[in-house]
Amino acid sequence: MNYKYKLGFIGCGNMAKAIINGLLASKLLTEKDMFISTPSMKEKYCNIEFSNNNSDIISSCEYVVLAVKPQIFKSIVSEFKNNIAKCMISIMAGVSCKTIFDATNCNEIVRIMPNTPCSIGEGVSAITSFNANEESINFVENIFKTISKTIFVEEKYFDAVTSVSGSGPAYVYYFIKAMIDGGVKGGLNYEQSKALAISTFIGASKMVEQSSENIDTLIQKVCSKGGTTIQAIETFEKNNISSGIVLGIENCRKRSEELSKI
C-alpha cells in the first residue's frame, strides 16, 4: 500500500514534540515524512503538515503514534473504523496493546514507556509489541533511539517499568534536592551545592554503568571505617531510607496497576 506519510502523530504534546525533534536532528525522517493531528493546532510545528481531524492521519500514514491521554483515546476510538495504518505506536500510559488492537482495527501494535528526560535526548524507553513484525519493531526502536536508550520488556512488567523509569525522574530530583539542601545547611550557597550534587549524581551513575563491580562494592569503596561517608550511610540505614524508597516504588507500581484497569 502506498502511504502519503511515513509517520503520523495523533496528539502533539511534549513527548510527541521530543520525538519529532529527535527524528529531525538525527535525519531519520524529514518534515515531509510526518503529519500531525490535534484539534487545537493552529500553526505548523517544525514545518510539518497538520490537521485538526484525526481521520486524516488514520487514512494517510503508515505508522501512527498515539500521543494522547488515555481518556482522550477512549473518546476517539470510533474514528479508527476506516484505519489503514500498518502499525500503531502507543506512548499512552496504562493502555494495553490488546486494548489498542481491539479499538483501532490495526494488526500491529508497538507500545512504548518513555520518560521525561527524552525531552533532552537523555531518556530511556521500554518497548513491547503485539503482532508487530521485525521491520516495524526495528523502525520504532530506531525512532526512540534518537531520544533515549531502549530496552525490550514484556508488557506484563510495564507497571514495574512505570515505577522505576517512568516515575523515576521524580525520585532522582527528590534526592538531588535533599543533597543540595544538605550542602546549603553546611554553608555552601545554593548554586555551589547544586553543581556539586548534579555532577556527583552524573558521575556516580556512570560509575555504576561502566564498572564491573556491584553497587554494594562501589558503596563500600567510598566508605572508610570510622570516616565521613559511613556516617551518612549508617544514618540512611538507621532511618530505613532504602526500604522507604523500595516501598515507594512498590506503591507506585500498584497504583499503575490500578489505573490500567480503569
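These numbers come from the heavy atoms of this one structure, side chains and all, not from hydrogens, waters or symmetry mates.
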With a cut-off of 3.5 Å and sequence neighbours excluded, list every side-chain donor-acceptor pair involving residues 110-122.
from: Arg111; atom 1: NE; to: Val95; atom 2: O; distance (Å): 3.3
from: Arg111; atom 1: NH1; to: Glu155; atom 2: OE2; distance (Å): 2.8
from: Asn115; atom 1: OD1; to: Val124; atom 2: N; distance (Å): 3.0
from: Asn115; atom 1: ND2; to: Ser165; atom 2: O; distance (Å): 3.2
from: Ser119; atom 1: OG; to: Thr116; atom 2: O; distance (Å): 2.9

- All ring pair (Phe, Tyr, Trp, His ring centres under 6.0 Å) counterparts of Phe35, not counting sequence neighbours: Tyr5

- Item | For Phe50, all residues meeting ring pair (Phe, Tyr, Trp, His ring centres under 6.0 Å), sequence neighbours excluded | none

- In Å and rounded to the nearest 0.5 Å, what is the CG to CG distance from Asn142 to Leu29? 10.0 Å

- Which pairs count as ring-ring contact (aromatic ring centres under 6.0 Å, His included) when at least one residue sits in residues 93-141, sequence neighbours excluded? Tyr63-Phe139, Phe101-Phe130

- For residues 206-249, the ring-ring contact (aromatic ring centres under 6.0 Å, His included) pairs (sequence neighbours left out) are none

- Got a sec, which residues hit salt bridge (Lys or Arg N to Asp or Glu O under 4.0 Å) with Glu135, two or more places apart in sequence or on another chain? Lys86

- Message: So, using salt bridge (Lys or Arg N to Asp or Glu O under 4.0 Å) as the criterion, who are the partners of Glu234 when residues are at least two apart?
- Response: none

Can you list, pair by pair, the side-chain donor-acceptor contacts under 3.5 Å of residues 77-85, counting residues two or more places apart and other chains?
from: Glu79; atom 1: OE1; to: Asn54; atom 2: ND2; distance (Å): 3.2
from: Asn83; atom 1: OD1; to: Ala85; atom 2: N; distance (Å): 3.1
from: Asn83; atom 1: ND2; to: Thr104; atom 2: O; distance (Å): 3.3

- Query: Would you say the side-chain atoms of Asn53 and Ser55 include a donor-acceptor pair closer than 3.5 Å?
  - Reply: yes

- Note on the structure: Sorted by chain and number, sequence neighbours left out, side-chain contact (heavy atoms from CB on, under 4.5 Å) with Ile48 holds for Ile20, Glu31, Met34, Ile36, Cys46

- Item | Pairs involving residues 52-69, ordered by first then second residue, that meet salt bridge (charged side-chain N to carboxylate O under 4.0 Å, His left out) (sequence neighbours left out) | Lys6-Glu62

- Message: Looking at Glu257 and Lys254, is there a salt bridge between them, counting it only when a charged N and a carboxylate O are closer than 4.0 Å?
- Response: no

- Query: So, are Asp181 and Lys185 salt-bridged, with charged N and O less than 4.0 Å apart?
  - Reply: no

- Supply the members, apart from Tyr174, of the Ile/Leu/Val/Met/Phe/Trp/Tyr cluster built from side-chain contacts under 4.5 Å; use none for a lone residue. none

- Answer yes or no: is there a donor N or O on one side and an acceptor on the other, between the side chain of Ser193 and the main chain of Tyr190, under 3.5 Å? no

Enumerate, atom names and distances included, each donor-acceptor pair closer than 3.5 Å involving a side-chain atom of residues 202-209, sequence neighbours excluded.
from: Ser205; atom 1: OG; to: Phe201; atom 2: O; distance (Å): 2.8
from: Glu209; atom 1: OE2; to: Lys149; atom 2: NZ; distance (Å): 2.3

